[in-house]
*Asks:* 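The structure is given below, and queries will be raised subsequently.
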Amino acid sequence: MKIGIFGLGYVGLVNAVCLAQEGHDIIGVDVNPQKVSMVNAGTSPITEARVEDILKVQVTEGRLIATEQVEHAVTHSDMSFICVGTPSTAHGAPDLTQVEHVCRQIGEVLKRSNKLHTVVMRSTMLPGSCQYMAELLADVSERILGKDLHIAFHPEFLREGTAVDDFYAPPYTVVGTAHLHAAALLKALYGFLDAPLEHIGLAEAEMLKYACNAFHATKITFANEIGRVARELGVDGTKVMALLCQDHVLHISPAYMRPGFAYGGSCLPKDLRALVGRARLQNTHVPLLESLAWSNRIQIEHAYEIIAKAVQSKEDTIGFLGFSFKAGTDDLRESPMVDLVERFIGKGYRLLLYDQHVSLTRLMGSNKQYIQQEIPHLAELMAEDVAHVLRKSKVLVVVNRKGPYEAALKQADAATRIISLEDILSGHTRMPSL
């Protein structure tokens with residue numbers, strides 16, 4: 001393929017040399033004449049393992065050239081990669097000035113051409129930004145999106161220092177686009193990689209990049225805070241974290257790694273309080289760990305607001321299907337659903353509760369003691385069977401619609417509003433219409 005790559009920094013240059021090595025004709029574009037001269041001389045303007053060695057070969061063999069001329073790159077290519085920087089503004093927002101400038105330049109060239117063209121954004125941008133750039137390109141070029149102009153967002157996951165290795169061994173290749181032509185081109189372009197290609201929407205692809213980097217920052221901060229507490233207790237934090245990472249069932253795995261409702265139960269809240277409390281006694285600052293309970297409370301507050309908006313009148317009954325801390329258990333200790341129910345009770349709403357695993361006559365031990373001491377008033381709200389809740393409720397609340405009450409929900413009246421907290425809180429579905 002013939003590809004123009006705009007921006008010859010870490011992302012742009014690594015893409016340029018690696019794609020050229022795979023036999024594609026690459027035209028690199030940069031506003032810095034010194035960078036352009038260096039690339040054309042086979043000298044890398046960045047310090048990155050293996051880049052200069054590949055660059056020299058590809059320039060010598062004529063598969064990679066650099067220029068300052070946007071028109072030359074666009075007219076001599078079928079696809080443009082935008083890899084310019086998006087630095088932070090003074091307020092922390094990404095500065096899209098360079099991306100917008102390049103889009104306008106590409107659009108002006110396309111206006112004078114009839115050739116089909118695909119523009120692929122690799123610059124990191126917040127959700128919605130790529131759609132704005134697509135509309136800008138269409139406006140300037142006087143073309144129709146999805147017809148003679150195709151757009152995709154293609155996030156990069158390259159680490160400085162190992163960028164070439166990362167290019168050739170990605171966990172997946174992500175293509176965000178509604179344009180099948182763009183998706184097909186990128187699928188063909190990366191056919192040499194032994195990695196799945198994930199085709200998603202523009203905004204999801206933009207968000208994925210931020211989610212990945214935020215998670216990496218979270219992991220580093222978490223490990224550092226555990227290390228600080230461990231050091232003060234005379235414990236080897238490196239050994240602790242090394243063993244934590246060996247668990248690929250719960251720790252380094254998809255377990256828990258999905259947006260949804262709040263955590264609860266007899267372990268997580270209690271043990272988190274103990275760890276944070278001990279850190280405070282040692283005068284050890286662990287702001288990430290301290291923030292977890294606060295963030296968890298916010299998730300419960302969001303759930304309350306969502307449900308309250310769906311209730312037309314306080315005379316309408318809200319049915320809760322499942323209120324233990326976790327589906328498949330009868331443990332109500334620090335259940336976020338119980339916390340949520342308590343908020344509605346305090347506001348005077350009418351409620352009915354049902355949990356197939358919770359029966360007051362069967363409860364015993366610490367779980368029974370918790371109910372008797374902390375939530376004795378819930379007993380009068382508990383229904384004997386799910387059918388009673390379905391008949392009486394105007395709004396039904398479940399943590400997960402695909403969970404243990406999926407069959408029961410299918411029996412609900414068509415007018416009943418069903419709220420699946422995991423679906424709505426994750427953005428997977430929208431608020432039910434009233």
Side-chain angles (χ1 to χ4, degrees), residues 126-128 153 155 157 170-176 195-223 244-269 271-272 288-289 291-307 310 320-329 331 333-340 355 357 396-409 418-432:
L126 287 167
F153 184 76
F157 303 105
Y172 42 55
T173 300
V174 177
V175 175
L197 186 140
E198 302 290 345
H199 182 184
I200 58 178
L202 275 178
E204 284 79 13
E206 289 170 300
M207 189 66 198
L208 175 65
K209 173 63 176 179
Y210 281 93
C212 290
N213 282 350
F215 186 45
H216 297 328
T218 300
K219 289 184 290 184
I220 293 168
T221 304
F222 174 79
L244 182 150
C245 291
Q246 287 184 32
D247 182 351
H248 290 184
V249 176
L250 295 179
H251 300 332
I252 313 300
S253 76
Y256 307 121
M257 288 298 293
R258 66 181 188 277
F261 195 38
Y263 67 76
S266 60
C267 295
L268 300 188
D271 293 346
L272 182 61
L288 174 65
L289 296 175
S291 73
L292 298 182
W294 175 50
S295 182
N296 204 51
R297 286 194 298 272
I298 290 174
Q299 198 73 342
I300 297 172
E301 290 169 8
H302 283 174
Y304 172 84
E305 292 166 1
I306 287 167
I307 299 166
F320 286 82
L321 299 181
F323 55 95
S324 62
F325 97 93
K326 185 179 182 181
T329 79
D331 195 346
R333 289 172 293 174
E334 301 206 48
S335 166
M337 284 295 278
V338 170
D339 192 333
L340 184 58
D355 192 306
H357 294 290
L396 288 171
V397 180
V398 291
V399 172
N400 188 337
R401 189 169 188 145
K402 297 295 185 182
Y405 300 100
E406 181 178 7
L409 291 174
I418 298 173
I419 297 177
S420 170
L421 294 177
E422 285 196 355
D423 285 344
I424 294 176
L425 288 168
S426 69
H428 183 65
T429 60
R430 302 305 176 195
M431 274 289 297

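Values below: every heavy atom of this structure, side chains too, minus hydrogens, waters and symmetry copies. Source: prediction; values computed, not measured.
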*Asks:* Would you confirm whether Ser266, through its side chain, and Arg333, through its main-chain N or O, come within 3.5 Å as a donor-acceptor pair?
*Replies:*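 Not confirmed, Ser266 side chain does not pair with Arg333 backbone.
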
*Asks:* Is a side-chain N or O of Ser420 found less than 3.5 angstrom from the main chain of Arg401, in a donor-acceptor match?
*Replies:*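 Yes, because the side chain of Ser420 sits within donor-acceptor range (under 3.5 Å) of the backbone of Arg401.
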
*Asks:* Contact between Leu244 and Phe222 at the side-chain level, heavy atoms closer than 4.5 Å - yes or no?
*Replies:*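 Touching, per the 4.5 Å side-chain cut-off.
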
*Asks:* Testing Leu208, Leu202, Ile200 for side chain to side chain contact (heavy atoms under 4.5 Å, CB included) with Glu204, which one passes?
*Replies:*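 The side chain to side chain contact (heavy atoms under 4.5 Å, CB included) with Glu204 is passed solely by Ile200 among Leu208, Leu202, Ile200.
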
*Asks:* How about Tyr256 and Leu250: do any of their side-chain heavy atoms sit closer than 4.5 Å?
*Replies:*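 With C-beta onward as the side chain, the pair touches.
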
*Asks:* What distance do Phe325 atom CZ and Asp339 atom CG have between them, rounded to the nearest 0.5 Å?
*Replies:*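 Output value for this atom pair is 15.0 Å.
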
*Asks:* Do Leu409 and Leu396 make a side-chain contact, defined as non-hydrogen atoms from C-beta onward lying under 4.5 Å apart?
*Replies:*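 They are in side-chain contact.
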
*Asks:* How far apart are the closest heavy atoms of Leu289 and Leu272, and which atoms are they?
*Replies:*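 Where Leu289 meets Leu272 most closely, the heavy atoms are O-CD1, 3.9 Å.
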
*Asks:* Test Tyr210 against Leu126 for side-chain contact (heavy atoms from CB on, under 4.5 Å), laying out the working first.
*Replies:* CA-CA 8 Å; Tyr210 281 93; Leu126 287 167; 3.6 Å; yes

*Asks:* Are Ile307 and Phe320 close enough, and set up right, to give a side-chain contact (heavy atoms from CB on, under 4.5 Å), and what steps lead you there?
*Replies:* CA-CA 11 Å; Ile307 299 166; Phe320 286 82; 4.3 Å; yes

*Asks:* For the pair Asn400 (side chain) and Glu422 (backbone), establish whether a donor and an acceptor sit closer than 3.5 Å, ignoring hydrogens and angles.
*Replies:*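 Not a single qualifying donor-acceptor pair exists.
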
*Asks:* Quick one: CD1 on Ile252 to SG on Cys245, what's the gap to the nearest 0.5 Å?
*Replies:*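 Here the interatomic distance stands at 4.5 Å.
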
*Asks:* Are more than 12 heavy atoms, taken from residues, nucleotides or ligands other than Lys402, located less than 6.0 Å from that residue's NZ atom?
*Replies:*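 12 or below, so no.
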
*Asks:* Kindly indicate, with the supporting measurements, whether the criterion side-chain contact (heavy atoms from CB on, under 4.5 Å) is fulfilled by Leu340 and Leu421.
*Replies:* CA-CA 11 Å; Leu340 184 58; Leu421 294 177; 4.0 Å; yes

*Asks:* Can you check whether Phe157 reaches Pro170 side chain to side chain, under 4.5 Å on heavy atoms?
*Replies:*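 When only atoms from C-beta onward are counted, Pro170 and Phe157 do not touch, as no gap falls below 4.5 Å.
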
*Asks:* With no hydrogens and no angle check, is any side-chain donor or acceptor of Glu198 less than 3.5 Å from a backbone partner on Val175?
*Replies:*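 Checked: no pair found.
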
*Asks:* Working note: Glu334 + Tyr263, criterion side-chain contact (heavy atoms from CB on, under 4.5 Å); need CA distance, chi angles, decisive distance, verdict.
*Replies:* CA-CA 9 Å; Glu334 301 206 48; Tyr263 67 76; over 6 Å; no

*Asks:* Given 3.5 Å as the limit, does a donor-acceptor pair link the side chain of Ser291 with the main chain of Leu288, or not?
*Replies:*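 Side chain of Ser291 to backbone of Leu288: a pair is present.
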
*Asks:* Within the structure provided, determine whether Asp355 and Tyr405 are in side-chain contact (heavy-atom separation under 4.5 Å).
*Replies:*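 They are in contact (side-chain heavy atoms under 4.5 Å apart), so the answer is yes.
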
*Asks:* Given side chains that start at C-beta, do those of Pro336 and Ile300 come closer than 4.5 Å, heavy atoms only?
*Replies:*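 Yes, at least one pair of side-chain atoms sits under 4.5 Å.
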
*Asks:* Between His428 (side chain) and Leu425 (backbone), is there a donor-acceptor pair under 3.5 Å?
*Replies:*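 No, His428 side chain to Leu425 backbone: no donor-acceptor pair under 3.5 Å.
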
*Asks:* When you measure from the side chain of Thr221 to the backbone of Ala217, do you find a donor-acceptor pair of N or O atoms at a distance under 3.5 Å?
*Replies:*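 Present.
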
*Asks:* So, for Ala205 and Pro155, which heavy atoms are closest and what is the spacing to 0.1 Å?
*Replies:*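 Where Ala205 meets Pro155 most closely, the heavy atoms are O-CG, 3.9 Å.
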
*Asks:* Please round to the nearest 0.5 Å and tell me the distance separating atom CD1 of Ile298 and atom CD of Glu305.
*Replies:*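 Result: 10.0 Å between the selected atoms.
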
